[in-house]
Amino acid sequence: MSKSGLVITAHPGDFVWRAGGAIALHARRGWRMKILCMSYGERGESQFAWKEKGATLEGVKAGRKAEAEAAAAVLGAEIEFMDAGDYPLVCTEAMLDRAIDVYRELNPSIVLTHALNDPYNFDHPDAAHFAQQARIIAQAMGHKPQADYTYSAPAMFLFEPHQPEQCDFKPDVLLNISEVWETKFKAFQCLPAQKHLWAYYERVALNRGMQGGRNSGKPMVHGEAYMRLFPQALEELG
């Protein structure tokens with residue numbers, strides 16, 4: 001059975017800028033990758049869409065949904081939306097219950113989500129808290145005790161926020177995404193409502209690629225940075 005990975009993100013752009021390389025890389029290697037997108041980013045993550053004459057909330061939501069679906073398809077992932085709104089993100093018990101079901105249905109080996117702190121955008125740590133809570137409750141045998149599932153709590157990786165220094169983000173994983181960089185950049189181009197960020201996140205990928213090469217001693221052009229949330233158990237070091 002092939003492995004699977006779950007990405008829990010506050011807004012559509014987040015999974016593209018911050019984890020698009022990991023999604024594309026693992027999908028290329030045969031993993032089933034699923035994105036749980038908590039909002040359409042319709043209020044705070046759609047600057048160019050709101051500059052269009054006659055823009056409406058429902059119209060912006062529809063446009064961002066189409067963009068996110070196109071980006072997910074480019075990366076090789078499934079996508080499911082929760083429609084929790086954004087600015088602020090409002091999560092309900094039904095949404096949490098659905099996320100728990102997704103954990104159990106997918107039984108992912110890895111989960112990618114936001115950093116725990118972000119003073120610039122409260123939606124991001126709220127989404128990270130949501131992802132952690134669902135991961136924990138999915139382990140509880142007393143939650144839906146008659147359910148038929150196989151589940152082991154997955155490793156959780158926090159992807160890089162927009163301003164890492166202010167978010168207490170200290171990466172301990174530098175993932176080489178060089179082989180899928182063109183795929184990731186193609187996903188960027190599915191998000192014209194945030195085209196002002198394309199060049200910025202290309203620079204981030206190049207910087208992390210340089211750092212990854214220096215830390216590994218192996219060639220790396222483009223990279224993504226992650227923090228592992230839980231300790232890794234090893235049989236030996238090295």
Do I177 and K184 make a side-chain contact, defined as non-hydrogen atoms from C-beta onward lying under 4.5 Å apart? yes

Around K186, counting heavy atoms of other residues, nucleotides and ligands shown, do more than 12 lie under 6.0 Å from its NZ? no

Does Q132 form a side-chain hydrogen bond (donor to acceptor under 3.5 Å, both in side chains) with R135? I'd like the steps, not just the answer. CA-CA 5 Å; Q132 292 176 77; R135 175 188 180 275; over 6 Å; no

Rounded to the nearest 0.5 Å, what's the gap from CG on L112 to CG on L229? Could you check? 12.0 Å

Quick one: CG on L36 to CD1 on I79, what's the gap to the nearest 0.5 Å? 9.0 Å

Mind checking whether H143 and D97 have side chains closer than 4.5 Å, heavy atoms only? yes

Run through R43, H11, E42, E45 and flag the one making a side chain to side chain donor-acceptor pair (under 3.5 Å) with Y87. E45

Heavy atoms of E224 and R208 approach each other most closely as N-CB, 4.2 Å

Can you measure from CD1 (I110) to CH2 (W31) and round to the nearest 0.5 angstrom? 4.5 Å

L96, L89: one ILVMFWY side-chain cluster at the under-4.5 Å cut-off? yes

Partner set under side-chain hydrogen bond (donor to acceptor under 3.5 Å, both in side chains) for D168, not counting sequence neighbours: N117

Is W17 close to V204 at the side-chain level, that is, under 4.5 Å between some pair of heavy atoms? no

Are more than 12 heavy atoms from other residues, nucleotides or ligands located less than 6.0 Å from atom CE of M210? no

Kindly indicate whether the side chain of T113, heavy atoms from C-beta on, has any atom under 4.5 Å from the side chain of H124. no

Please enumerate all residues that pass ring pair (Phe, Tyr, Trp, His ring centres under 6.0 Å) together with F81, with sequence neighbours excluded. Y40

Judged by atom type as modelled, is there a donor-acceptor pair below 3.5 Å linking the side chain of S4 to the main-chain atoms of R32? no

Taking the side chain from H114 and the backbone from A10, do they hold a donor-acceptor pair closer than 3.5 Å? yes

Does any non-hydrogen side-chain atom of C190 lie less than 4.5 Å from one of V16? no

For S46 and G41, the nearest pair of non-hydrogen atoms, with its separation, is OG-O, 2.6 Å

Would you kindly say whether R214 and Q211 are connected by a side-chain donor-acceptor distance under 3.5 Å? no

side-chain hydrogen bond (donor to acceptor under 3.5 Å, both in side chains) with R104: which residues, sequence neighbours excluded? Y149

Rounded to the nearest 0.5 Å, how far does CG of N121 lie from CG of D86? 8.5 Å

Between W181 and N176, is there a side-chain heavy-atom distance shorter than 4.5 Å? no

Closest non-hydrogen contact found for M156 with A131 is CE-O, 3.8 Å

Answer yes or no: are there more than 12 heavy-atom neighbours, outside H129 itself, under 6.0 Å from its atom NE2? no

